[in-house]
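Atoms within a ligand are numbered from 1 in the order they appear, just like the ligands themselves.
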Amino acid sequence: MKRIGLLTSGGDAPGMNACIRAVVRTALYFGMEVYGIERGYQGLIDDEMIPMEMRSVSDIVQRGGTKLRTARCLEMLTKEGQKKAVKTLETRGIEGLVVIGGDGSFRGAKCLSEEYGIPTIGIPGTIDNDLEYTDYTLGFDTAVNTCIDVINKLRDTMTSHERISVVEVMGRRCGDIALYAGIASGAEIIVVPEVVFDLDDIVMKINRSRANGKHSNIIVVAEGVCTAEDFAKQLQSVTTYSVRPTTIGHIQRGGSPSMADRMLAAQFGNKAVRLLNDGIGNRVVGIRKNEIIDMDIIEAVSMKKKFNYELYETLQMISM
Ligand code: ATP
């Protein structure tokens, strides 16, 4: 394979830039040319791309966001859009493609591989950690660290005023950001889409913790359940303690990637290009039990994300 393309698609995630760097540098190592496609599948359809050189990816390993920018592209869901995308690749002589994004982006990659025969490799880039086939997605660790930082600050002021903080975190339908941020920040309660919550039980836990000498409480609510504002209103109607909602929001998607995300970025990017160099497509890369793996795209996107109930129970046991 002499020329490959690379795009970032869907929601951005810290570590995407570090991954772009790894893809470009590995491809150059193998003597391939690399085109950076801008604005995800939209840029592929509109033929917006730039040749990437060694220095195109200098000074980005530490930056959040994505240098190639990203977009959601409805046209890619249509046959006409897909054909335009394929035409661009053919005209440019691009023989293989690396797609960094979430499960939606993988469906686009699957379509290009399966229906149009373009060897495509997916790299899981999303803060949500909502893909079952990989233990971690790129950006998740940094996003959780951002949440922990916010919760630490909230804890200070909540303790001073003896309040309850309701903190809303991202993750769409997946509770992993809430679960990991909750455990790592010492939150008393997490509310996730995977477990039905009981307000009476939450009030009981809060009362018990106060009786045991606590001066504040942190409740982490995943966005897939409800907003911090709504949850705080419900809770305030059944408790005399003062409740304050905070939505962390898009801060979770930005910032310099953590060591863990930079390592994933380097390994995922490197593995993706190694596969293309071996003439292998229609795969996604990931990490399982600390080992970098690759898997068939169709198999990967059809796996249903499982919630880690053992970790959830761990929080219940150690959080009071
Ligand atoms: P995140 O999880 O971070 O939001 P994502 O990759 O899941 O990332 P989506 O918006 O679901 O984000 O998908 C990104 C893009 O992938 C879509 O805008 C669309 O262009 C393309 N895509 C999604 N599903 C398909 C599909 N079934 N066929 C072709 N392309 C698709």
Among Gly104, Ser105, Gly108, closest by heavy atom to atom 30 (N) of ligand 1 is Gly108
of all protein heavy atoms, closest to atom 31 (C) of ligand 1 is Leu77 CD2, 3.4 Å
Query raised in the report: When the ring planes of Tyr180 and Phe140 are compared, do they come out parallel, tilted or perpendicular, using 30° and 60° as the limits?
Result: perpendicular
Checking Val167, Thr159, Ile189 against Ile218 for side-chain contact (heavy atoms from CB on, under 4.5 Å), the one that qualifies is Val167
Indicate whether any N or O donor in one side chain lies under 3.5 Å from an N or O acceptor in the other, for Asn217 and Ser209. yes
Ligand 1 to Arg172, heavy atom cutoff 4.0 Å, flagged ligand atoms 1 (P), 2 (O), 4 (O), 7 (O)
Worksheet item: Would Asn152 and Asp156 count as having a side-chain donor-acceptor pair, cut-off 3.5 Å?
Response: no
Judged by heavy atoms only, the candidate from Arg253, Glu75, Gln82, Arg72 nearest atom 9 (P) of ligand 1 is Arg72
Q) Does the side chain of Arg244 pick up a donor-acceptor pair with the side chain of Thr246 at under 3.5 Å? A) no
Heavy atom of Lys110 under 4.0 Å from ligand 1? no
### No-hydrogen, no-angle side-chain donor-acceptor test under 3.5 Å, Thr26 and Asn270
yes
In ligand 1, the atoms that come under 4.0 Å of a heavy atom of Gly11 are 1 (P), 3 (O), 4 (O), 8 (O)
If you measure every N or O of Tyr41 against every N or O of ligand 1, does any of those distances drop under 3.5 Å?
no
Practice item. Check for a donor-acceptor pair, side chain of Thr134 on one end and backbone N or O of Thr137 on the other, with a separation under 3.5 Å. Key: no
- With only distance considered, is Cys73 within less than 3.5 Å of ligand 1 through an N or O on each side? yes
The protein heavy atom nearest to atom 15 (C) of ligand 1 is Ser9 OG, 3.5 Å
Partner of Thr120 under side-chain contact (heavy atoms from CB on, under 4.5 Å), picked from Val99, Asn282, Ile4, is Val99
Practice task
Return a yes/no value for Gly102: is any of its N or O atoms, backbone included, closer than 3.5 angstrom to an N or O of ligand 1?
Solution key: yes
When distances are taken from atom 27 (N) of ligand 1, the protein heavy atom at minimum range is Arg107 CB, 3.5 Å
